[in-house]
Amino acid sequence: MPTPSPRRFLSLAALLLLLAAFLAPSAGRASDEVEQTYKNLEIFANVLSIIQNYYVEEVESQTVIEGAVKGMLLDLDPHSSYLTPEDFKELQVETQGSFSGIGIEMTIKDGVLTVVSPIEGTPAAAAGVLAGDRLLQIDGETTKDMNMMEAVKRLRGAQGTTVTITIHREGWPEPRDYPLTRDVIPIYSVKWEVLEPGYGLVRITNFQTNTATDLAAALKEMTNSGPIKGLVLDLRNNPGGLLDQSIRVTDFFLDKGAIVSTRGRLRDQNAEYTARSFGEKYSAPMTVLVNEGSASAAEIVAGALQDHKRAVIVGTQTFGKGSVQTIIPMDNGAGLRLTTARYYTPNGTSIQAKGITPDVVVAAAATDPAKSGNGQVLREQDLPHHIENDTPSRQEETPETAGSPDQAPKLPATDTRKLAEDNQLHTALLILKNLAGRGK
């Protein structure tokens, strides 16, 4: 075997420094655990040394170590990841400004990129991409073993340029190509309209920096158009976003009480967020629409309003992402997206890998391709390495079922085509009118 080069010893010295830095704050750990950590890092150092000296092509140590860090985080849970400096900047763009792309929220299931939810009003949603679709190729290149950030880079691009994605859907004999024209994915995440006089619909597509501000403006405009007797809050296919925005949104509809709490291993990760006693409040009866694409921050809002009996939740079981990710900046401009806590609804229940069960279960109409699903419902519990739920199942009343879409009540002549085509929204409006009629 050839004599190791000086480069090997430089690498091992760097690793020993890393080792010392890793173990220094852990002096309180059992000596057996510390010893095992030393042994494991020694294995890592030996493997790195062998790769550097004998791999068929020269390999930069930074590349190998970065790959090891990514793999280490990937094995923790589906939502922890290493962000290169470029990835870190992309993440900041997602929450603070518009970007150009196709508009899908993705995850990795069984090693394959899988759509969690298409974002409403984007090229992907317009083309008919659905939750559960498996993304096999991007511009003819296989996505096998492609990490999410790499996929995001390939899907984004200048407005007006095209990208072809190859999708397989359960029930299809063959994959299909979807040529999509990239467009600006707007930061505005709130849309509203008046369904009928006195009854409004607010749709939140995701939770971004300005979501609460945009919601306040929408509610003010809606109120200016006439008194609100009832409000439908639509959180279907909302993949989540910023925790603070979900708290601020919920605060519009609660006078007091807990909104959400977080619990982690460290004391500073434990917190409870409550409704403020001041600010604009909206007390009209509410229904909230959810489905399997409602995740994370969307589930926080729905769970708080459900626990406080402030709204009737209508739709199907939600995604079940009940964990909190903290973005930790690194000295080199990179970052760690690390799962640091679970969150709990006001009743102290974790929805992790379970989701929120609607008060009234209503399946989407099979004739509605945008909301009916594709037979393959993807939820948190289906993801490899997902964190388990740590609270016992509570005894709940069996949710009401509004029957199959074909058995939905006939629409009054005054209802719009939108209601006729969306049986979940139609059911939510009927419930809302009943609540308003009872003075609740």
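In this text, all values refer to a predicted model and were calculated from it rather than measured experimentally.
Between Thr181 and Pro123, the closest side-chain pair of non-hydrogen atoms is not below 4.5 Å. With contacts defined as side-chain heavy-atom distances shorter than 4.5 Å, the pair His79/Glu380 qualifies. Residues Val324 and Arg342 have side chains not in contact (no heavy-atom distance under 4.5 Å, counting atoms from C-beta outward). Using a 4.5 Å cut-off on side-chain heavy atoms (C-beta onward), Phe252 and Leu215 make contact. Considering only heavy atoms from C-beta on, His168 stays 4.5 Å or farther from Arg176 through its side chain. Gln424 places a side-chain heavy atom less than 4.5 Å from the side chain of Thr316.
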**Request:** For the pair Thr84 and Asp87, evaluate side chain to side chain donor-acceptor pair (under 3.5 Å) and give the outcome as yes or no after the intermediate values.
**Result:** CA-CA 5 Å; Thr84 65; Asp87 295 339; 3.0 Å; yes

**Request:** Test Thr339 against Gln325 for side chain to side chain donor-acceptor pair (under 3.5 Å), laying out the working first.
**Result:** CA-CA 4 Å; Thr339 299; Gln325 283 68 50; 2.8 Å; yes

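In summary, Lys191 and Asp234 do not engage in a salt bridge, as defined by a charged side-chain N under 4.0 Å from a carboxylate O. Using a cut-off of 4.0 Å between Lys/Arg side-chain N and Asp/Glu carboxylate O, Glu196 and Lys433 are scored as salt-bridged. A salt bridge is defined here as a Lys NZ or Arg NE, NH1 or NH2 lying under 4.0 Å from an Asp or Glu carboxylate O, and Glu280 with Lys220 fails to meet this definition. A salt bridge is absent between Arg134 and Glu170: the closest approach of a Lys/Arg side-chain nitrogen to an acidic carboxylate oxygen does not fall below 4.0 angstrom.
For the pair Asp133 (side chain) and Leu130 (backbone), a donor-acceptor distance under 3.5 Å is present. In this structure a side-chain-to-backbone donor-acceptor pair under 3.5 Å is missing from His308 to Leu305. Although no hydrogens or angles enter the test, the distance criterion places a donor-acceptor pair under 3.5 Å between the side chain of Arg182 and the main chain of Arg156. In this structure, the side chain of Asn423 engages the main chain of Ala363 through a donor-acceptor pair within 3.5 Å. In this structure a side-chain-to-backbone donor-acceptor pair under 3.5 Å is missing from Thr349 to Thr345. Distance alone, capped at 3.5 Å, places no donor-acceptor pair between the Gln352 side chain and the Asn389 backbone. At distances below 3.5 Å, at least one donor-acceptor pair connects side-chain atoms of Lys321 with backbone N or O atoms of Ser323.
Annotation: cation-pi pair Arg263/Tyr344 present, NZ/CZ under 6.0 Å from the ring centroid and within 45° of its normal.
A side-chain donor-acceptor contact under 3.5 Å links Ser80 and Asp77. Side-chain contact check for Ser294 and Thr318: no donor-acceptor pair (N or O, by modelled atom type) lies under 3.5 Å.
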